[in-house]
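Okay, structure first, notes after.
In this text, all values refer to a predicted model and were calculated from it rather than measured experimentally. Below, chain A is the first sequence line, B the second, and so on; all start at residue 1. All values below were derived from every heavy atom in this structure, side-chain atoms included, with hydrogens, water molecules and symmetry-related copies excluded.
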Number of protein chains: 2
Amino acid sequence: MRLKDLSAELGLSPTTVSRALNGYPDVSEDTRLRVVEAARRHNYRPDARARGLAMGRARSIGHVIPTATRHEMVNPVFADFIAGAGETYARAGYDMVLSVVGDDDEARLYRDLAATRKVDGIIVHGPRTADPRVALLRELGLPFVVHGRVSEETGPYSWLDVNNRRAFYRATEFLLDLGHRRIALVNGLEYMDFALRRRMGYLGALSDRQIEADPALMSSEEMTEPYGYRAARQMLALDRRPTAFLTASLITALGVRRAVEERGLVLGRDVSIVTHDDELSYFSAPDTVPVFTATRSSVREAGRLAAEMLLDLVEAPGGPPRHRLLEAVLTVGQSTGPAPDRD
Amino acid sequence: MRLKDLSAELGLSPTTVSRALNGYPDVSEDTRLRVVEAARRHNYRPDARARGLAMGRARSIGHVIPTATRHEMVNPVFADFIAGAGETYARAGYDMVLSVVGDDDEARLYRDLAATRKVDGIIVHGPRTADPRVALLRELGLPFVVHGRVSEETGPYSWLDVNNRRAFYRATEFLLDLGHRRIALVNGLEYMDFALRRRMGYLGALSDRQIEADPALMSSEEMTEPYGYRAARQMLALDRRPTAFLTASLITALGVRRAVEERGLVLGRDVSIVTHDDELSYFSAPDTVPVFTATRSSVREAGRLAAEMLLDLVEAPGGPPRHRLLEAVLTVGQSTGPAPDRD
DNA sequence: ACGGGTGCCCAAAGCGCTTTGGGTGTGCGG
DNA sequence: CCGCACACCCAAAGCGCTTTGGGCACCCGT
């Protein structure tokens, strides 16, 4: 059932049917009702491609998920972020088109999305400290919002980010207040912008208390569980082992915990852990004392908000870039306690 | 730069340019080269909507991710499945359009996707034991592949599934061979088809050895970490507590392990765990002895294959439905050992 | 009685592509 | 020299919608 069929059946012109359905005022209330009713009855929806062609807009947003070519891992936060963004799109009548691509031919993909006009805007995931995508998208003239920031980018662009620096500054401070002095940082890959900022927060807090950072207590890698385990195991074997860990994700924290327990140490007594927690749905239970002390920030909510920003940008083009900085909250769980005396 | 501009610049008709780019034989090799070169230089790609409209195909596949309305969790396996499917689409030049939707108005969404012709086919995620979506999609005439199966569906449909029944049968057998008799099942929601099949495998193995299943040792819920913890904690407090657990996901297994350790029991000695493992990228390290004994099956690979099946279906319509059953492999890790004597 | 609103409706153009169904010019056999 | 292939190329139609720019009645005021 297409527009032509529907209008034929109603004895109206396609023009009138189209205008009736799109709420133009120059259609009598009577006929509008007839049209709407008939459309409903036949389950008529305009063909999205034809509509988009005629109106010049795709009503869809692109998400490009880079899979690091080396260890083709897909970051689990994407799932929740996209779920959040999806809610926004559903509400606004947009579609989400997802591309999974090795980061080597990401540029080609962006050019493609622009040239084929498949999307009205793009969400940029996983920004690096220096990220060519910002300049590229600017050149292509495609509206975009970065989830995170690009430290070395000087030009204007829209972004939504968590205050990672402050979150890790406060987490470090929290551990210092508990008497910890040897605090390890089990960080994500530090060419990722968020990881760099977290490191800066950590270093800032240490230096504000005149504590020297120990390179042996800092590591940086892709945030898997085995990585947390390996890093912690190694650090715990040091002569002057850390009494506390700062980890970049819950998943990594699980690895750290495994190493701690394997060594016969007790979490929250012998060793403390503070982790960043993106509030992934499958790790949190509604009303329980959280296991891990954490800097929390819902990545799903971030997805919702980033999508809203982008839709604003798409629907009111030419405006100034938008920014939004979310604060993480520090929630105390069972994984932290005062530094043990014996040191 | 559109087709018209390009053809004007070349002094050719749009027809010829189009045919040159699409590899028709009635274009001289000379002009084809000129055209291709000019297209490359101007970074020309045909508008996807116009192309789709003219050709009647969208070159994109829909994935509908249901978020259980109650506890709006998004299953982490989706991320990896979609990453896998995305690889296939990228290779074949298809797009993936993703919709996140509460399961109450899922039907409307399917009708919409069909009526607006936004996609050429659909992957159905998270099938229930009785799932109305199969009948609906059949009625809509949209090609589809179910990731999993629908036990109560009698009509034909295409699917790709893991042999969950056999996987859990073997896992149970494995534990029985180790001398375990009180084996708990910490299952997913049992209106989900995969969970029901796993339960049948578990029960089948028990009854084949004349062991009576104990309802106190079976639970069923959404597969979160806290759920695993809660269920295990409760079961371990029983008079005749289980000596082994079968869990439905690595994440749940982590919760079980937490409960085990909290009770001062040692994994692999006092209590064994076998879990199903979807090989999510952020839990596995290349060359390490796996922590958990598990029935493994890569959900990413499943995504790749399901997408291939669907593309076949889309490109050669009218064929018979396709099926594919993947076997999980049982890999032995450190979480299992002989049943303790003291019982 | 006549000009000008006003309320409804529609034909046709256009969005950017593909495809159908020729058209033109050259080379060849008869 | 004519007719026929053959190799290239193109005008125009069509995909299904929206939007522009009227057209036609009808009514109201003068």
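The stretch residues 37-58 of chain A touches DNA chain C through A:L53, A:A54, each having a heavy atom under 4.0 angstrom from the strand.
In this entry the distance linking CG of A:L10 with P of C:dC10 reads 10 Å, nearest Å. Between the C1' atom of C:dG16 and the CG atom of B:N22 lies a distance of 13 Å, rounded to the nearest Å. Look at CG on B:L6: it is 14 Å from P on C:dG16, rounded to the nearest Å. Rounded to whole Å, atom P of D:dC10 lies 12 Å from atom CG of B:L3. Between the CZ atom of A:R2 and the C1' atom of D:dT18 there is a distance of 15 Å, given to the nearest Å. Between the P atom of C:dC17 and the OH atom of B:Y24 lies a distance of 15 Å, rounded to the nearest Å. Summarising the geometry, the separation between CD on A:E29 and C1' on C:dT6 is reported as 17 Å, rounded to the nearest angstrom. With rounding to whole Å, B:K4 atom NZ is found 16 Å from D:dC10 atom C1'.
For B:R41 and B:E9, the salt-bridge test passes: some basic side-chain N is under 4.0 Å from an acidic carboxylate O. The pair A:D5-A:R2 does not count as a salt bridge, with every side-chain nitrogen at least 4.0 angstrom from each carboxylate oxygen. Taking 4.0 Å as the cut-off between side-chain N and carboxylate O, B:E106 and B:R133 count as a salt-bridged pair. In summary, A:R324 and A:D161 do not engage in a salt bridge, as defined by a charged side-chain N under 4.0 Å from a carboxylate O. Using a 4.0 Å cut-off between charged side-chain N and carboxylate O, B:R304 and B:E301 make a salt bridge.
No donor-acceptor pair under 3.5 Å is formed between the side chain of B:R19 and the backbone N or O of B:D26.
A side-chain contact (heavy atoms from CB on, under 4.5 Å) with A:V124 is found for one member of A:V150, A:L137, A:V145 and no other, namely A:L137.
Map A:P25 and A:P14 each onto its nearest nucleotide of DNA chain C; the residue landing nearer the 5' end is A:P25.
Of the N and O atoms on the side chains of A:T16 and A:S13, at least one donor lies less than 3.5 Å from an acceptor on the other residue.
Here B:T31 reaches the OP1 or OP2 of D:dC9: one of its side-chain N or O atoms lies under 4.0 Å away. A sub-4.0 Å separation between OP1 or OP2 of C:dC8 and a side-chain N or O of A:S28 is absent. Contact check, B:T16 against D:dC8: no side-chain N or O comes under 4.0 Å of OP1 or OP2. In this structure, B:S13 does not reach the D:dA11 phosphate: none of its side-chain N or O atoms is under 4.0 Å from OP1 or OP2.
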Nucleotides 20-25 of chain C: protein proximity per nucleotide (B base, S sugar-phosphate only, - neither; heavy atom, under 4.0 Å): B-----

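The salt bridge (Lys or Arg N to Asp or Glu O under 4.0 Å) contacts involving residues 50-67 of chain B comprise B:R57-B:D120, where partners must be two or more places apart or lie in separate chains.
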